[in-house]
Number of protein chains: 2
Amino acid sequence: MESKPELDAKDWQLLEALQRDARLGYAELGRKVKLSAPAVAERVKRLEDAGVISGYRAVVEPKRLGYRIEAMVRLRCDGGICARIGQIVADIPEVLDCRRLAGEDSALLRVVAMSIGHLESVLDRLLKIHASVSTTTLIVLQAPHANRAVTRTMWDAARKLPLD
Amino acid sequence: MESKPELDAKDWQLLEALQRDARLGYAELGRKVKLSAPAVAERVKRLEDAGVISGYRAVVEPKRLGYRIEAMVRLRCDGGICARIGQIVADIPEVLDCRRLAGEDSALLRVVAMSIGHLESVLDRLLKIHASVSTTTLIVLQAPHANRAVTRTMWDAARKLPLD
DNA sequence: CATGAAACCCCGAATTA
DNA sequence: TAATTCGGGGTTTCATG
């Protein structure tokens, strides 16, 4: 299930190709990396089993579904609440991301909403969690990069940097 | 290429299934939705052409590749620089997300790094952009939710909320 | 939207390097 | 240990109704 993956050049090519288009078939992937389809399938399975690839997702654009607003919500709250923030916001589907932080804020959420009124209703639900919760909301103007691919050149460059 | 999508129940089922597993074939999707494979293919193509689905991506776990650190970096800088922040951080591959914000901070980045030293080098590169740039770095402790799916129940609930 | 036919792809097993 | 070849069965795609 894990240990040291240690990817070779072809693994990286597969990884990058699947980040670009997760629906590519093994045959087509094999063409790109100069390998037979079964060989590709085995490598991909290894990447999945190692947890390097944890899934494949269609990227949907909330804007196209009427969610005109995206906002980042900085959240401060008591330790007890924050420890369970993940479970709590599970009931608020407009929260697409939830990360617990070390620092000034206890958590950072990414929220989508159809309108300002809708955003307000999401914030209300967040504030209703507990009296200790307070929020700072930042409207997203644009997202020049979202979920960029992890690449081999990126990894190589990092390995050449100062050690741990 | 666009206009009013207006999805029906089957479109939503397909959308949700593909967000869970983007590699599902049309035949298997058809089984889930009770539709023939060609019908599924046409619906999926429509969703793609409408921009509702903008792509399919393998989800890779930076941690499994040695990126032990994830951090959110709040960025403040002059208007001229911030307007081009997307292009600028394109050269810093450790920046996986970049969003421009309205509010206190001008942008919010998500960064991965192999070590504290590596993170430091990323911050150095960010500060070297321009003298007006300053950063606040928040280490991510955990991400209870990342890129949650957009669902039909979520969309339905929103439509029943107060109007615009 | 379903059906049917042709081409293609996937998968497992056996083989080879 | 890892990749290739090969055959059976399922899948995609395009035509048609």
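Both backbone and side-chain heavy atoms feed into the values below; hydrogens, waters and symmetry mates do not. In what follows, every chain begins at residue 1, and chains take the letters A, B, ... in the order their sequences are listed.
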Quiz item: For B:M72, which fellow cluster members are found when Ile, Leu, Val, Met, Phe, Trp and Tyr are connected by side-chain heavy-atom distances below 4.5 angstrom, either directly or through intermediates?
Solution: A:M72, A:L101, A:L108, A:L138, A:V140, B:L101, B:L108, B:L138, B:V140

Quiz item: Only one of A:D11, A:V33, A:L29 clears side-chain contact (heavy atoms from CB on, under 4.5 Å) with A:R43; which?
Solution: A:D11

Under 4.0 Å between a side-chain nitrogen and a carboxylate oxygen: does that hold for [X] and [Y]?
X	Y	answer
A:R152	A:D156	yes
B:D124	B:K128	no
A:E94	A:R110	no

Self-check item: Approximate separation, where rounding is to 0.5 Å, of A:I53 CD1 and A:Q19 CD
Solution: 8.0 Å

Quiz item: Quick one: CG on A:D105 to OG on A:S134, what's the gap to the nearest 0.5 Å?
Solution: 8.5 Å

Practice problem: Dump the intermediate steps for side-chain hydrogen bond (donor to acceptor under 3.5 Å, both in side chains) on B:E48 and B:Y56, then the final yes or no. | Solution: CA-CA 10 Å; B:E48 293 168 353; B:Y56 303 91; 2.6 Å; yes

Quiz item: When you check the side-chain N and O atoms of B:T151 and B:E16, is any donor under 3.5 Å from an acceptor?
Solution: no

Quiz item: Looking only at side chains, do B:R76 and B:T135 share a donor and an acceptor under 3.5 Å apart?
Solution: no

Restricting to nitrogen or oxygen on both sides, can you table the protein-nucleotides 9-11 of chain D pairs closer than 3.5 Å?
unit_1: D:dT11; atom_1: OP1; unit_2: B:R31; atom_2: NH2; d: 3.1
unit_1: D:dT11; atom_1: OP2; unit_2: B:R31; atom_2: NH2; d: 3.2

Quiz item: How close or far is atom C1' of D:dT12 from atom CG of A:L24, stated in whole angstroms?
Solution: 15 Å

Just the table, please: protein N/O against nucleotides 1-5 of chain C N/O, every pair under 3.5 Å.
unit_1: C:dC1; atom_1: OP1; unit_2: B:R43; atom_2: NE; d: 2.8
unit_1: C:dC1; atom_1: OP1; unit_2: B:R43; atom_2: NH2; d: 2.5
unit_1: C:dA2; atom_1: OP2; unit_2: B:S36; atom_2: N; d: 2.9
unit_1: C:dA2; atom_1: OP2; unit_2: B:S36; atom_2: OG; d: 2.8

Quiz item: Of all of residues 12-23 of chain A, which get a heavy atom below 4.0 angstrom from DNA chain C, listed by number?
Solution: none

Quiz item: For DNA chain D, what string of dots and brackets results from 5' to 3' when Watson-Crick and G-U pairs need both distances under 3.5 Å, crossing pairs get [ ], and pairs with another strand get |?
Solution: |||||||||||||||||

Quiz prompt | Six-ring centre of B:Y26, A:R23 cation under 6.0 angstrom, axis tolerance 45° | solution = yes

Quiz item: Could you give all pairs that pass the side-chain hydrogen bond (donor to acceptor under 3.5 Å, both in side chains) test and reach residues 28-42 of chain A, with sequence neighbours left out?
Solution: none

